[in-house]
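In what follows, a structure is listed as structure tokens, so that the remarks can point back to it.
Here, residue 1 is the first one in the sequence, and each next residue gets the next number. All ligand and atom numbering here is 1-based and tracks the order in the structure. For clarity, every value in this text was computed on a predicted model and none was experimentally measured.
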Amino acid sequence: MKSSLFSPFSMRGLTIDNRIMLSPLCQYSSVDGCMNDWQMTHLGMYAMSGASFVCFEMTDVEPAGRITYGCSGLWNDEQEAALARVLAHCRKYGQAKYALQIAHAGRRASKKAPFEGSKPMSVAQGGWQAVAPSAIPEGDGSDAPHALTIPEIKSLVEKFAAATKRAARVGFDAIELHGAHGYLLHQFLSPLSNQRTDEYGGSLANRMRFPLEVFAAMRAVWPADKPLGVRISCTEWMPGGWDIDEAVVLSHELKKLGCDWIDASSGAGFKQAKIPYAPGYQVPFAERIKKEVGIATIAVGLITEFDHAEKIVASGQADIIALGRGLMWNPRWGWHAAKALGETLDIPPQYLRVRPGA
Ligand SMILES: Cc1cc2nc3c(=O)[nH]c(=O)nc-3n(C[C@H](O)[C@H](O)[C@H](O)COP(=O)(O)O)c2cc1C
């Protein structure tokens, strides 16, 4: 019987050979926002990993939108050229299709990298002023962010569109807009981090306004034959916080604007959130959005077993499986999944002799 995980999937003019995606993974290793030889090595490895959809890490639309000084950016020509170099390398040796995740960290900006302790950096410590819908700090010792004015919000929408135009020039196959994990778009959606009293805060329609304006501006400049999806946190796991019912409404609105997929993540905005971590704990969000909204979904989070991934796609809970840590730990996960599920993958010819049974 044919494996569902290894069946092709199409969105607009893009067809991916199987349903395995490398989840976007910040590397905190860029210099002045420019990717370099580290991403050549890191992403080059996943380009030939059997994952047919490789998402480049969170890449920010302005300097203040970076989590750390090592985050990738796309607001100038040098960054555009650096991305083009990594993408050309992946295309030369890999078998995958490539998405770029476009983002802004909002109030979660100005920190040390995780491998340097993740500590917030104040302006006096060499960091920078973070921005957010409201001047409410993250609660991890970060300084209060600057509450964006309406002209600043409009200018940020333009910055997302400008980065999208650059991504189109670089030649990515798809874009994923990052609306999850407590970063800027999520901060606007959340009634906990967004306490504005103007048209960008309060009601659900107002809280969705900025993310929807960003999406529409990006869709308008991204090629019509290329898909544009959104990663959202389907709940922030906080009493009184953003939840799956609101996420379903947002997904309907995004679909109306031409969104091609919802990457159904959750949480990450609040350290005190109680999250029921378990294999596939976010899959029910992907399933509900897929069924109620009629949009393609990506399931992500603690999916590590081949049979589990196969079952999620075969049972129609989600269309694509994104793996983060599972693929980082075992970059040949896709090869091993294909073997376990009785499929034969295209792999680089230099490696053909090592395939079991070859
Ligand atoms: C090192 C690391 C970096 C990450 N960077 C990003 C990122 O750039 N964008 C994003 O949306 N999620 C990011 N995540 C979250 C992953 O994409 C993924 O959603 C999460 O790890 C859960 O999937 P997993 O259980 O398969 O790892 C990161 C996770 C890790 C471990």
(message) Checking a contact table here: which protein heavy atom is nearest atom 6 (C) of ligand 1, and how many Å away?
(response) P24 O, 2.9 Å
(request) Please indicate whether any nitrogen or oxygen in E57 is less than 3.5 Å from any nitrogen or oxygen in ligand 1. (result) no
(message) So, 4.0 Å and heavy atoms of A180: is ligand 1 close enough to count as a contact?
(response) no
(message) Within the structure provided, determine whether L189 and N194 are in side-chain contact (heavy-atom separation under 4.5 Å).
(response) no
(message) To check your reading of the model: name the closest protein heavy atom to atom 20 (C) of ligand 1, its residue, and the distance in Å.
(response) R325 NH2, 4.6 Å
(request) Just need the protein heavy atom nearest to atom 1 (C) of ligand 1, so name the residue and atom and give the distance. (result) C26 O, 4.0 Å
(request) Give the residue and atom name of whichever protein heavy atom lies nearest to atom 12 (N) of ligand 1, and the separation in Å to one decimal. (result) R231 NH1, 3.1 Å
(request) Determine whether the side chain, the backbone, both or neither of Q27 has a heavy atom under 4.0 Å from any heavy atom of ligand 1. (result) neither
(request) Measure the distance from atom 26 (O) of ligand 1 to every protein heavy atom, then report the residue, atom name and distance (to 0.1 Å) of the closest one. (result) G324 N, 2.8 Å
(request) Using a 4.5 Å cut-off on heavy atoms from C-beta on, say whether the side chain of W261 contacts that of I295. (result) no
(message) Can you confirm, on distance only, whether ligand 1 has an N/O atom lying under 3.5 Å from any N/O atom belonging to E176?
(response) no
(request) Please confirm whether V300 comes under 4.0 Å of ligand 1, counting heavy atoms of the residue only. (result) yes
(message) Distance alone, cut at 3.5 Å: any donor-acceptor contact between the side chains of Q195 and S134?
(response) no
(message) Going by a strict under-4.0 Å cutoff (protein heavy atoms only), does atom 10 (C) of ligand 1 have a neighbour on the protein?
(response) yes
(request) Tell me which protein heavy atom sits closest to atom 30 (C) of ligand 1, plus the residue, atom name and distance to 0.1 Å. (result) L25 CD2, 3.7 Å
(request) Of the side chain and backbone of L323, name the one, both, or neither that has a heavy atom under 4.0 Å from an atom of ligand 1. (result) backbone
(message) Heavy-atom count check: over 12 atoms from other residues, nucleotides or ligands less than 6.0 Å from W75 CH2?
(response) yes
